Amino acid sequence: MTQVLVVDDSAVVRTAIASILGAARDFTVETASDPLIAMRKMALRRPGVIVLDLEMPNMDGLTFLRGIMSADPIPVVICSGMANRESDLGIRALEDGAVDIIAKPKLGVRDFIEEYARDIIEVIRNAAASRPQRRPSAGVAQAAAAAPAKAAGIRYTTDKIVAVAASTGGTEAIRTLLQAMPPDAPALVIVQHMPAVFTAAFAKRLHEVCRIDVKEAAAGDKLAAGRALIAPGNRHTLVRKSGAHYVI
């Protein structure tokens with residue numbers, strides 16, 4: 001049985017998530033209305049997964065997340081309307097150690113949770129199997145400042161293609177991989193398990209910290225040396241040969 005701690009100031013959300021996880025029979029559920037209450041419960045019993053809102057009283061979710069990841073890394077799934085509204089905030093949560101995001105709507109939250117119960121259960125099961133690592137103190141902003149300048153331009157040839165796929169919790173691995181790439185790295189096409197609203201922001205953040213160009217893939221984009229294309233969330237991505245090139 002996986003112990004899940006649901007940290008959300010909404011009683012509706014806490015009750016709805018506890019109900020669907022309880023019905024799955026492989027979870028036990030504790031709830032907390034804010035991070036301070038959560039910390040007291042965690043001192044008594046360490047959860048296997050934390051489901052965390054970002055906007056709460058007494059302490060915001062990102063601050064709580066960073067504390068968990070620096071002291072005792074536990075798989076954290078963000079479940080927040082703020083992440084849905086501001087995708088950059090969701091990307092920051094992933095960078096700070098969250099393994100996945102459930103972008104809940106501001107209205108009709110109970111109906112949303114019940115409708116997507118199967119998906120939510122799968123996300124939390126995947127999170128329980130992940131092994132988050134302790135976060136270093138250096139942030140993405142520092143990495144961006146240290147990133148070398150990009151090459152003058154992309155070489156529009158497709159001699160080699162590297163395809164990468166990552167599941168829950170893969171964002172940190174993708175960032176580590178791409179930051180190590182030289183400006184003339186082979187063309188990369190990447191599929192990362194991530195909701196649709198986040199892939200553009202994820203690509204933009206990677207572009208800021210890497211020596212290669214990174215963008216969310218669009219139809220007609222060429223795969224080229226010095227470029228990584230991130231598949232849009234909830235879309236299949238196909239690579240086709242077009243003359244001397246391969247395109248999305």
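Quick caveat, the model's predicted, so the values are computed rather than measured.
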Report yes if some heavy atom in the side chain of [X] is under 4.5 Å from a heavy atom in the side chain of [Y]; otherwise report no.
X: Leu223; Y: His245; answer: no
X: Met1; Y: Arg25; answer: no
X: Lys204; Y: Val214; answer: no
X: Glu30; Y: Val4; answer: no
X: Ile174; Y: Phe202; answer: yes
X: Thr31; Y: Leu5; answer: no
X: Val239; Y: Ile248; answer: yes
X: Met42; Y: Asp72; answer: no

Please answer: with hydrophobic residues joined when any side-chain heavy atoms are less than 4.5 Å apart, are [X] and [Y] in the same cluster?
X: Leu52; Y: Ile37; answer: no
X: Val191; Y: Leu94; answer: no
X: Phe27; Y: Val13; answer: yes
X: Tyr116; Y: Ile102; answer: yes
X: Met56; Y: Val12; answer: no

Inset, instruction - Please say which of Ile78, Ile17, Asp53 ends up in a side chain to side chain contact (heavy atoms under 4.5 Å, CB included) with Lys104. - result: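 Answer after filtering Ile78, Ile17, Asp53: Asp53.
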
Rounded at 0.5 Å granularity, tell me how far [atom1] in [X] sits from [atom2] in [Y].
X: Ser33; Y: Asp9; atom1: OG; atom2: CG; result: 7.5 Å
X: Arg92; Y: Leu54; atom1: CZ; atom2: CG; result: 9.0 Å
X: Ile121; Y: Asp26; atom1: CD1; atom2: CG; result: 7.5 Å
X: Ile50; Y: Ile124; atom1: CD1; atom2: CD1; result: 12.0 Å
X: Thr237; Y: Glu216; atom1: OG1; atom2: CD; result: 9.0 Å
X: Leu206; Y: Ile91; atom1: CG; atom2: CD1; result: 8.0 Å

Legend entry - Arg175 with Glu172: basic N within carboxylate O range, under 4.0 Å: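 Counted as a salt bridge, because a side-chain N and a carboxylate O are separated by less than 4.0 Å.
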
Inset, instruction - Could you tell me whether Asp8 and Arg14 make a salt bridge, using a distance below 4.0 angstrom between a side-chain N and a carboxylate O? - result: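 The answer is no: the pair does not qualify as a salt bridge.
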
Flag, side chain of [X] to backbone of [Y], donor-acceptor distance under 3.5 Å:
X: Asp111; Y: Gly108; result: no
X: Ser19; Y: Thr15; result: no
X: Lys222; Y: Tyr246; result: no
X: Gln192; Y: Ile190; result: no
X: Arg134; Y: Ser70; result: yes

Locate the shortest heavy-atom distance separating [X] from [Y]; write the atom from each residue and the value.
X: Thr199; Y: Ala231; value: CG2-O, 3.6 Å
X: Ala225; Y: Asp184; value: CB-O, 4.4 Å
X: Thr171; Y: Met194; value: CG2-CE, 3.3 Å
X: Leu62; Y: Ala93; value: CD2-CA, 3.7 Å
X: Pro132; Y: Ile74; value: CG-C, 3.7 Å
X: Leu36; Y: Met59; value: CD2-CE, 4.0 Å

Legend entry - Evaluation steps, side-chain contact (heavy atoms from CB on, under 4.5 Å), between Glu55 and Asp60: CA-CA 5 Å; Glu55 189 176 28; Asp60 67 271; over 6 Å; no

Legend entry - side chain to side chain contact (heavy atoms under 4.5 Å, CB included) involving Ile20 - partner list, sequence neighbours excluded: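 Only Ile113, Ala117, Ile120 meet the side chain to side chain contact (heavy atoms under 4.5 Å, CB included) criterion with Ile20.
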
Legend entry - Flag if over 12 foreign heavy atoms under 6.0 Å of CD, Glu114: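 Enclosed: over 12 neighbouring heavy atoms sit under 6.0 Å from CD of Glu114.
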
Legend entry - Flag if over 12 foreign heavy atoms under 6.0 Å of CZ, Arg235: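 Not buried by this count: 12 neighbours or fewer within 6.0 Å.
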
Inset, instruction - Output, in order, the C-alpha distance, side-chain angles, deciding distance and verdict of side-chain contact (heavy atoms from CB on, under 4.5 Å) for Val49 and Val76. - result: CA-CA 6 Å; Val49 178; Val76 175; over 6 Å; no

Inset, instruction - Could you list the residues that satisfy side chain to side chain donor-acceptor pair (under 3.5 Å) with Gln3, not counting sequence neighbours? - result: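 Partners of Gln3 under the side chain to side chain donor-acceptor pair (under 3.5 Å) test: Thr28, Arg45.
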
Inset, instruction - List the steps, then state whether side-chain contact (heavy atoms from CB on, under 4.5 Å) holds for Val6 with Val29. - result: CA-CA 7 Å; Val6 181; Val29 184; 3.9 Å; yes

Inset, instruction - For side-chain contact (heavy atoms from CB on, under 4.5 Å), just list the numbers for Leu229 and Lys215, CA-CA rounded to whole Å, side-chain angles, deciding distance to a tenth of an Å, and then say yes or no. - result: CA-CA 5 Å; Leu229 298 174; Lys215 73 180 291 286; 3.3 Å; yes

